[in-house]
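Quick notes on the structure that follows.
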Amino acid sequence: MTRSKHGRTDEEHSLSGPQKGDFIPPPELEERDERPDALPAQEEFWRPPTRFGSVPVEKEPLGWDRRRGFRKLFPQVMLPFQVVERVSFGHPELEPNRLFWGDNLHVMRQLSSESIDLIYIDPPFFSGRQYNVIFGDQNELRSFSDIWEGGMPGYLIWLNARLYEMKRLLKKTGSIYVHLDWHAVHYVKIEMDRIFGIGAGGGDRRTAGFRNEIAWCYSGGGVPKTEFPRKHDAILWYTRGSSWVFNTQYRPYSEGTQQRGRTQVKGKYFESGLRAEGTPVNDWWPDVKKITSPTDPEKIGYPTQKSEELVERIVRVATKEGDVVADFFIGGGTTAAVAQRLGRRWIASDQSRVAVAITADRLTRQVEEQTGKLFPVPDFTVEHWGVYEARRLADAPADQFRAFVLRAFGAVAEGAETGIHGYKGALPVWVGEPSPKKAVTAADVQAFANAMRKTLRYKQDNLRDGIMLAWAFRPDAMEAAERLRRLEQTDLNFIRLDMIRIDEPRFRQHIAVLSEGTKADYSNFLTFVQPPKVEVGYKRIARRTYAFDVSETVVLNAGARIINVQWDFDYSKRFSSTPGYSFVRKGKNEVALTAQYEFPSGGTKRVACKVQDDMGGEGLWTGEIEVK
Ligand SMILES: C[S@@+](CC[C@H](N)C(=O)[O-])C[C@H]1O[C@@H](n2cnc3c(N)ncnc32)[C@H](O)[C@@H]1O
């Protein structure tokens with residue numbers, strides 16, 4: 001072990017941020033009432049100008065409760081993040097970027113306030129149905145049907161709760177860009193004015209809130225006969241505070257302007273002729289690419305994928321190198337890919353397992369394809385919220401496993417050194433080992449009883465009950481508990497975690513009870529999944545060309561079906577799909593379980609295949625092929 005110049009050991013140095021297998025417990029947040037300054041000074045702010053006459057305006061954003069904010073409608077659910085992967089790019093000393101799979105509201109609630117410079121989001125528009133059909137991830141389906149049931153108000157409430165968290169996460173100088181279109185932009189503008197502030201029109205009047213409505217204009221597609229073609233999206237830009245970052249962007253002068261050698265506008269900038277950088281970009285963007293062609297190399301097949309050029313303009317306007325960019329509706333990974341390429345740090349989330357897999361793959365591939373990298377690329381972690389892989393839980397270090405079980409049980413971790421791992425209300429709780437093979441013994445029971453004897457509630461109040469949570473209890477443990485009950489009136493309640501049928505309602509009831517003091521019922525949020533057992537068959541069909549088939553794959557989650565297959569025909573230590581094989585579809589919407597590939601050369605090749613099911617399970621197969 002050597003010491004680095006900062007006085008840390010190399011080993012310490014190499015361990016920045018969470019590692020694969022870690023559980024990151026949620027922060028200990030108090031259930032507090034909303035801060036009075038959470039929203040702009042509403043009374044003043046919502047008073048419509050007198051020239052408007054009497055306008056019936058709601059004072060607060062839809063869904064807001066004066067005392068409990070959005071937590072009244074959407075309770076706080078503090079579950080840990082499970083780090084299922086850390087993709088390394090050779091700079092372990094840098095803090096990793098983070099990709100979350102889970103509902104962004106709950107993910108965001110566990111991130112630190114004022115930590116992000118720029119948020120760009122492209123939330124599902126008020127037209128949602130297509131995603132359900134294309135992905136069919138169960139989590140996504142459920143949340144979409146919830147949103148659409150309430151119509152437009154339901155959609156706005158759903159979005160408001162998330163926008164509010166985004167505001168909390170933005171730094172004081174941070175910006176948020178929300179990508180919308182005619183379906184919802186007018187309604188969302190009103191809500192965002194209420195959450196962020198109306199800003200102040202024109203020039204330098206520095207007030208927090210609304211800054212611009214950007215029209216992203218494009219062309220192409222069909223032309224209706226009875227109305228104008230709808231050819232722009234609207235992007236609403238708001239700032240958290242009254243100062244912000246704005247790096248003016250330029251685009252080339254039009255040909256006419258260049259020929260005339262001066263602009264039409266006579267202003268202090270232009271009188272002396274043309275500027276080398278071009279003309280400053282205004283709020284109307286006709287010059288930014290839209291992905292339309294099916295053969296566009298940028299296209300990865302994710303519906304509603306935005307072009308990198310569009311996101312790049314926003315990232316450049318609002319941030320500098322090293323700043324943190326977030327997109328909580330990451331979809332196919334565009335924002336993260338742009339941020340990474342431009343040397344910004346990033347945070348991303350999506351509720352669709354497929355979106356997360358595609359994003360992870362896109363970012364890995366980007367690094368592998370980048371030649372002459374400008375920036376050292378930090379690792380990134382893939383973290384799950386609310387859906388946990390059972391097998392990884394069993395492999396977790398004991399203290400993390402215990403913290404996780406206690407949290408899910410609604411207990412507080414406390415006093416592990418005394419032989420008691422935590423308390424549920426006043427009741428002492430003990431948690432067994434992570435491995436299901438290590439059953440609780442009589443000695444464990446005795447040790448827990450001894451520890452309980454030393455507590456005040458035992459000594460002073462003669463309270464003698466406790467809870468033991470574990471995968472299994474040996475018969476001698478049960479006898480020991482029975483003996484304690486008979487001889488000392490000590491009442492130990494054994495709760496078994498069942499590894500065999502982890503998705504059973506009985507299991508959920510045990511670990512996912514109403515947590516004391518809060519109204520949150522975790523049982524609706526907590527899911528355990530098993531990875532599919534991926535089986536790959538292949539055969540040679542021509543010179544260096546092989547046909548692959550994953551249809552023998554077994555999904556282990558009851559009722560699940562495969563929703564995505566990804567192939568890496570040149571697998572080394574990191575999975576990174578071969579271009580065109582990250583989102584393989586048969587026809588338009590159906591996943592293809594077969595693939596054909598022509599290897600560029602012969603010899604021994606390592607091939608990997610990743611499969612995701614619609615419950616969130618993901619499995620990997622790797623194999624070696626002698627290519628002839
Ligand atoms: C319009 S797409 C984003 C496309 C993205 N801008 C791109 O370039 O690929 C919206 C995404 O939001 C995700 N989503 C919807 N509700 C969500 C939620 N509550 N939490 C996280 N992601 C969500 C969907 O799964 C979908 O991938």
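Remember, predicted model here, so these are calculated numbers, not experimental data. The analysis underlying the following values was restricted to heavy atoms, covering all of them including side chains, and did not include hydrogens, waters or symmetry mates. In listed order, ligands and their atoms are each counted from 1. Start at 1 with the first residue, then count along the sequence.
Aromatic ring centres of Tyr581 and Tyr597 lie closer together than 6.0 Å.
Among Ile358, Ile300, Asp350, the residue whose heavy atom sits closest to atom 13 (C) of ligand 1 is Asp350.
Here's the thing with Gln351: one of its N/O atoms is less than 3.5 angstrom from an N/O atom of ligand 1. In terms of polar-atom proximity, defined here as any N/O pair under 3.5 Å, Ala355 makes no such contact with ligand 1. Note: no N/O pair closer than 3.5 Å links Trp158 and ligand 1 by distance alone. At least one N or O atom of Asp122, backbone or side chain, sits closer than 3.5 Å to an N or O atom of ligand 1. At under 3.5 Å, not a single nitrogen or oxygen of Gln305, backbone or side chain, sits near a nitrogen or oxygen of ligand 1.
If you take CG on Leu73 and CG on Asn160, they are separated by 10.5 Å, rounding to the nearest 0.5 Å.
No side-chain heavy atom of Arg240 sits less than 4.5 Å from a side-chain heavy atom of Met166. Between Tyr177 and Val317, the closest side-chain pair of non-hydrogen atoms falls below 4.5 Å. With a 4.5 Å cut-off on side-chain heavy atoms, Glu165 and Leu105 count as touching. Side-chain contact check for Arg313 versus Asp287: some heavy-atom pair is nearer than 4.5 Å.
Using a cut-off of 4.0 Å between Lys/Arg side-chain N and Asp/Glu carboxylate O, Arg365 and Glu368 are scored as not salt-bridged.
Contacts with ligand 1 closer than 4.0 Å are made by no heavy atom of Tyr120, backbone or side chain. When heavy-atom distances to ligand 1 are checked against a 4.0 Å cut-off, Arg162 comes that close only through its side chain, counted from C-beta outward. If you look at Thr335 next to ligand 1, there are no close heavy atoms at all, none under 4.0 Å.
Within ligand 1, counting atoms from 1 as listed, the ones closer than 4.0 Å to a heavy atom of Gly102 are 20 (N), 21 (C). With ligand atoms numbered from 1 in the order given, ligand 1 contributes 5 (C), 7 (C), 9 (O) to contacts under 4.0 Å with heavy atoms of Ile330. Which parts of ligand 1 touch Thr334 is read off a 4.0 Å heavy-atom cut-off, strictly below it: atoms 7 (C), 8 (O), 9 (O). Residue contact check: Gly332 has heavy atoms under 4.0 Å from atoms 7 (C), 9 (O) of ligand 1. Listed by number with element, the atoms of ligand 1 under 4.0 angstrom from any heavy atom of Phe328 are 21 (C), 22 (N).
Contact analysis leaves Leu105 out of contact with ligand 1, as no non-hydrogen atom separation drops below 4.0 angstrom.
Side chains of Arg168 and Ser113: a donor on one and an acceptor on the other come within 3.5 Å.
Lys167 pairs by the side-chain hydrogen bond (donor to acceptor under 3.5 Å, both in side chains) definition with nothing, not counting sequence neighbours.
If you run salt bridge (charged side-chain N to carboxylate O under 4.0 Å, His left out) between Arg341 and each of Glu309, Glu369, Glu308, Glu321, only Glu308 comes through.
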